[in-house]
Participant: 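The structure's right below; bear with me while I get my questions together.
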2 protein chains.
Amino acid sequence: MREASNRSNRRVVYETLRRKVLTLELPPGASLSENELAASLGVSRTPVRESLILLGEEGLVRVFPKVGSFVSRVDAERVADAQFLREAVELAAFDDIPETLDPELVAELRANLEHQREARLDLEKFFELDEAFHHGLLRLSGHGRAWSTVVAAKGHLDRARRLGLHETNGMGRFVDEHHSILDAVVAGDTSSARDSLRAHLRAVFDDIEKTRQRSPELFATDDGSVPVRRSIAVWE
Amino acid sequence: MREASNRSNRRVVYETLRRKVLTLELPPGASLSENELAASLGVSRTPVRESLILLGEEGLVRVFPKVGSFVSRVDAERVADAQFLREAVELAAFDDIPETLDPELVAELRANLEHQREARLDLEKFFELDEAFHHGLLRLSGHGRAWSTVVAAKGHLDRARRLGLHETNGMGRFVDEHHSILDAVVAGDTSSARDSLRAHLRAVFDDIEKTRQRSPELFATDDGSVPVRRSIAVWE
DNA sequence: GTGGCAGGTCTTGTATGTAAGCAGCGTCGA
DNA sequence: TCGACGCTGCTTACATACAAGACCTGCCAC
């Protein structure tokens, strides 16, 4: 019945749920019943449950034993933690940038920036390119593998950013900042690249903070309280 | 039959397995059959399987579908990745050290160093204190929560370190280095503290490198090849 | 002797059954 | 009217049954 896929059901379910949580398609507080999800996705509870456990470890889902599982609130502390981590890692990588850069990778980054400009009004597309760009910066210094750790830690940061960017009219400014960073790196001016990158990351974070002050309800502190059980889940 | 514990079976199994992997009690390459582990631990396959999945995400275990699960080899690349990450995070934290330190925390760190000196011949005890010390340094700057991410990423680094320290005669040198770091921090000399911390972390890493050159077989690159199935598991 | 095939046994992946607990709501009593 | 109590339906946690594939071993043919 199910096609012979190399990717296990669990992997598919995990990635599907993760994407929906990060894109806020499954909003904070949404109920994630194992039974409902299993029925919706056409699999048994097992892969769903295993996925929820993984998302729980990542902090994107909270599992309350015998009560229910819910998409976690966007936690301001976790957002700040992720900001600190990514800044530390990305800046530290610039200390290890080699004298001569991998020309192929530089070309890839330049092409990425072109696509960013084209996609500056398409939130999802832009986010995807933004991720690849920052990952690429790490790869320039040979620390590309550290990106996965950053990715795993910055779920709350990404959701907070999305909350803010829904009110923004275009990501042109970010593209400009990306350009500054890459130009400085290519010019061999590591110090300037560091400053530009730090400024860029801080600007993103400041936007989030502004959003938080405007709409604090979106950032409800994620204490141990159990959300109301009513199904908020938006699930087709 | 089983006592009403707040900690779920899965949590207990996960932490048990993780500890045994990190302490090399379960050596790299050891077979981790879900059935065997379930029988040994007196639980069903479910919590064991869920734990193995989590350890797999952490990189400590490799799961080969329909073949078996095995403790992952100590991977030199992953060791280097973890080294980069922890250095980035710990050094970046020093940029945010406040003017006046939390005196309670400082006292705790000083007491920790006393215990380190007492335990400098007891590997496991020393490791525990070492972890708490570095975590404490992060807490000084208000970034204590970032430690969990570092912990989750540095499993390979910890195992590599253990491999090396089995051949060492005491951790007195590390205690001295810890003292230098803390003294510089307390004196408000952040720059010197950074230098000392970086030197300390690099020294640890150099030790690992030396071990790797002496005993490369312990660091077999962890490619996709399936280990022999014969049960290497040491399990009482 | 050697190569190849088949079967048995192991593995993980998935589905489902069972247990135990929390929450909400209605009802009953004061 | 209001509070307490129990029932009902939901949840996750755990156990178990089944499916499908990989590997090893031994036998058989050549």
Side-chain angles (χ1 to χ4, degrees), chain A residues 1-17 29-57 60-72 224-233 235, chain B residues 1-17 29-57 60-72 224-233 235:
Chain A
M1 190 65 55
R2 196 160 11 265
E3 76 278 13
S5 160
N6 242 349
R7 303 159 65 70
S8 66
N9 279 352
R10 195 198 85 221
R11 208 73 215 172
V12 173
V13 171
Y14 168 74
E15 289 173 4
T16 302
L17 288 177
S31 167
L32 297 173
S33 157
E34 290 178 6
N35 275 313
E36 284 183 23
L37 291 177
S40 298
L41 299 169
V43 298
S44 81
R45 279 171 33 222
T46 303
V48 171
R49 171 177 171 76
E50 290 169 353
S51 298
L52 289 180
I53 290 173
L54 286 175
L55 292 168
E57 287 295 311
L60 295 177
V61 164
R62 299 205 57 169
V63 179
F64 297 90
K66 321 285 180 144
V67 175
S69 301
F70 306 87
V71 179
S72 67
S225 67
V226 180
V228 289
R229 183 181 285 175
R230 116 191 112 83
S231 174
I232 324 175
W235 200 266
Chain B
M1 192 61 58
R2 196 161 9 266
E3 75 279 15
S5 160
N6 242 351
R7 302 161 66 72
S8 65
N9 278 352
R10 195 197 84 223
R11 209 74 214 169
V12 173
V13 171
Y14 168 75
E15 288 173 5
T16 301
L17 288 177
S31 167
L32 297 174
S33 157
E34 293 178 5
N35 277 313
E36 282 183 24
L37 291 178
S40 298
L41 299 169
V43 296
S44 82
R45 269 185 59 209
T46 303
V48 171
R49 172 176 172 75
E50 289 167 355
S51 297
L52 289 180
I53 290 173
L54 287 175
L55 292 168
E57 288 295 311
L60 295 176
V61 164
R62 299 204 58 169
V63 178
F64 297 90
K66 323 283 182 146
V67 175
S69 301
F70 306 87
V71 179
S72 68
S225 68
V226 181
V228 290
R229 183 181 286 174
R230 118 191 110 83
S231 175
I232 323 174
W235 200 268

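Worth saying up front: this structure is predicted, and the values here are computed from it rather than measured. Proteins come first, then strands; the chains are lettered A, B, ... in the order of their sequence lines, and each starts at number 1.
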Participant: Under 3.5 Å, is there any donor-acceptor pair linking the side chain of B:Ser8 to the base of D:dA13?
Facilitator: no
Participant: Should B:Ser44 be listed as having a side-chain N or O under 4.0 Å from OP1 or OP2 of D:dA15?
Facilitator: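 Yes, B:Ser44 has a side-chain N/O under 4.0 Å of OP1/OP2 on D:dA15.
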Participant: Atom CG of A:Leu37 to atom P of D:dT11: distance rounded to whole Å?
Facilitator: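 Nearest whole value for this atom pair: 10 Å.
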Participant: CG of B:Leu41 versus C1' of D:dA15: gap in Å, rounded?
Facilitator: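 Rounded to the whole Å, the gap is 15 Å.
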Participant: When the distance from CZ of A:Phe64 to P of C:dG21 is rounded to whole Å, what number comes out?
Facilitator: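 Result: 19 Å.
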Participant: To the nearest Å, how far apart are B:Arg7 CZ and D:dA13 P?
Facilitator: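 It is 15 Å, rounded to the nearest whole Å.
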Participant: Do A:Leu17 and A:Leu55 have side chains that get closer than 4.5 Å, going by heavy atoms?
Facilitator: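 A side-chain contact under 4.5 Å exists here.
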Participant: Between A:Arg62 (CZ) and D:dT12 (P), how many Å, whole number?
Facilitator: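 About 15 Å, once rounded to whole Å.
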Participant: Are there any protein N/O atoms within less than 3.5 Å of an N/O atom in nucleotides 17-19 of chain C, and if so, which ones and at what distance?
Facilitator:
residue, atom, partner, partner atom, Å
C:dG17, O6, A:Arg45, NH1, 3.4
C:dG17, O6, A:Arg45, NH2, 3.1

Participant: Please state how far atom CD in A:Glu34 lies from atom P in D:dC10, giving the value in whole angstrom units.
Facilitator: 15 Å
Participant: Would you indicate, yes or no, if C:dT14 has its OP1 or OP2 atom less than 4.0 angstrom from a side-chain nitrogen or oxygen of A:Thr46?
Facilitator: no
Participant: Atom CZ of A:Arg10 and atom P of C:dT12: how far apart are they, to the nearest Å?
Facilitator: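 Roughly 13 Å, once rounded to whole Å.
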Participant: Please state how far atom CG in A:Leu55 lies from atom P in D:dT12, giving the value in whole angstrom units.
Facilitator: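 Whole-Å distance recorded here is 14 Å.
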